[in-house]
There are 2 protein chains.
Amino acid sequence: MAPTQQVKRRATNQGAAVKEALAAEDTFRSAQDVYATLRANGEKIGLSTVYRHLQIFVDDGLADVIHKPDGESTYRLCGDASTTHHHHLVCRQCGKAVEIEGPAVETWADKVAAQNGFTDVNHTVEIFGLCTACAA
Amino acid sequence: MAPTQQVKRRATNQGAAVKEALAAEDTFRSAQDVYATLRANGEKIGLSTVYRHLQIFVDDGLADVIHKPDGESTYRLCGDASTTHHHHLVCRQCGKAVEIEGPAVETWADKVAAQNGFTDVNHTVEIFGLCTACAA
DNA sequence: GTCTTATTGGGAATCGTTCCCATTATGACA
DNA sequence: TGTCATAATGGGAACGATTCCCAATAAGAC
């Protein structure tokens with residue numbers, strides 16, 4: 001894993017469109033979903049391109065990914081540059097997500113890993129539930 | 001989600017074989033992996049059947065599932081009946097897993113969810129790293 | 001403008017998983 | 001121990017998400 005290295009990248013309409021589509025919602029959305037939305041809006045873009053940009057956002061640290069239990073990957077733009085480590089509270093119905101932080105969890109995870117001799121540790125913490133709107 | 005309801009189930013060689021295969025290792029293994037192992041051992045079993053039993057174990061609370069980042073589902077028998085809620089510290093290389101508990105995390109998750117008005121909450125917490133053997 | 005080359009997109013290909021359904025075999029009952 | 005209803009099996013087709021391939025297109029530097 002090479003250190004974050006910014007590669008020369010061209011600005012294209014498609015790339016901007018994908019970013020806009022993500023920025024328009026504060027929910028985790030699947031590639032298929034984004035693709036469908038863009039097409040519905042009359043955008044001229046291919047599915048491959050959507051996947052490509054989504055992956056680029058993730059690589060550049062602009063977006064977070066969550067793998068839903070059913071295996072589908074969903075994406076969401078996460079705070080700009082700062083890239084603070086955080087987790088999500090996600091509505092399993094509508095996908096709406098709230099960024100949350102849990103310093104205690106971080107230290108706990110590191111401690112447990114160390115106790116068991118594990119190194120090069122990272123972790124995933126996602127909380128799923130029903131948001132107020134969907135619970136109604 | 002109906003309350004855990006034991007359905008009448010027949011005992012078959014294949015079902016036992018799948019359980020044995022899982023029991024033989026303390027690592028999370030994919031359906032494909034288990035299937036390959038069984039076939040290699042000369043077992044007469046179909047891929048569908050492996051998936052079927054794996055899912056049954058999960059439904060019955062006998063096994064835990066972890067969805068790897070690449071989307072593949074991996075299974076592991078988890079402590080018998082007791083079904084204590086726990087998480088895993090998993091080696092991303094060999095799949096070896098250690099069951100861990102973090103009461104603090106549970107309460108934290110519930111609290112955060114409640115603060116944001118989320119209900120019917122559950123969460124996933126997995127810690128990935130390299131076990132001592134694989135780090136060498 | 002011209003030219004290099006990153007980007008695009010559409011369809012084929014992959015891969016894990018689920019579905020379908022005729023065949024097989026478990027377990028209950030006589 | 002034999003018979004039967006039906007749960008379980010398995011192999012191949014079907015599926016859905018994602019990746020790959022590559023000729024056509026367009027961004028950006030000079």
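Between the side chain of Arg10(B) and the base of dT6(D), a donor-acceptor pair under 3.5 Å is found. Ser73(B) contributes no side-chain N or O that forms a donor-acceptor pair with the base of dG16(C) under 3.5 Å. Contact annotation: side chain of Arg9(A) to base of dT7(C), donor-acceptor pair absent below 3.5 Å. Between the side chain of Ser48(A) and the base of dG11(C), at least one donor-acceptor pair of N or O atoms lies under 3.5 Å.
Regarding contacts with the backbone of dG10(C), a side-chain N or O of Arg39(A) is found under 4.0 angstrom from either OP1 or OP2. For dT8(C), the OP1/OP2 oxygens have a side-chain nitrogen or oxygen of His53(A) closer than 4.0 Å. Between dG9(C) and Thr49(A), a contact under 4.0 Å exists linking OP1 or OP2 to a side-chain N or O.
When atom types are taken as modelled, the side chain of Ser30(B) and the backbone of Thr74(B) share no donor-acceptor pair closer than 3.5 angstrom.
We find that CD of Glu43(B) is positioned 18 Å from P of dA8(D), with the value rounded to whole Å. As rounded to whole Å, 13 Å separates atom P of dT8(C) from atom CG of Leu54(A). The interatomic distance linking Asp33(B) (CG) with dC15(C) (P) rounds to 16 Å, in whole Å. Separating the CG atom of Leu47(B) from the C1' atom of dT9(D) is a distance of 12 Å, rounded to the nearest angstrom. Put simply, CG on Asn13(A) is 12 Å from C1' on dT25(D), counting in whole angstrom units. Atom CZ of Phe28(A) is separated from atom C1' of dA17(D) by 18 Å (rounded to the nearest Å). Between Asp70(A) atom CG and dC15(C) atom P there is a gap of 21 Å when expressed in whole angstrom units. Here the C1' atom of nucleotide dG9(C) and the OH atom of Tyr35(A) are 9 Å apart, to the nearest Å.
Between Arg92(B) and Asp120(A), the closest side-chain pair of non-hydrogen atoms falls below 4.5 Å. Considering only heavy atoms from C-beta on, Thr37(B) stays 4.5 Å or farther from Arg39(B) through its side chain.
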Where do His123(A) and Phe128(B) land on the side-chain contact (heavy atoms from CB on, under 4.5 Å) test, with the steps shown first?
CA-CA 6 Å; His123(A) 59 268; Phe128(B) 294 97; over 6 Å; no
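Here the options are Val65(A), Ile66(A), Leu22(A), the test is side chain to side chain contact (heavy atoms under 4.5 Å, CB included), and the partner is Phe28(A); only Ile66(A) passes. Checking each of Thr49(A), Val18(A), Asp59(A) against Leu54(A) for a side chain to side chain contact (heavy atoms under 4.5 Å, CB included) leaves exactly one that passes, namely Val18(A).
The residue among Lys44(A) and Tyr75(B) whose nearest nucleotide of DNA chain C lies closer to the 5′ end is Lys44(A).
Here dG16(C) is the nucleotide among dA8(D), dG16(C), dA17(D) with the atom lying nearest to any side-chain atom of Tyr51(B). Closest to the Thr12(B) side chain, of the nucleotides dG10(C), dT9(D), dT18(D), is dT9(D). For Arg52(A), taking side-chain heavy atoms from C-beta onward, the closest of the listed nucleotides dG11(D), dG16(C), dG9(C) is dG9(C).
Using a 4.0 Å heavy-atom criterion, one finds that Ile45(B) contacts the sugar-phosphate atoms exclusively. Residue Gln14(A) is in sugar-phosphate contact alone, with no base atom involved, counting any heavy-atom pair closer than 4.0 Å across all strands shown.
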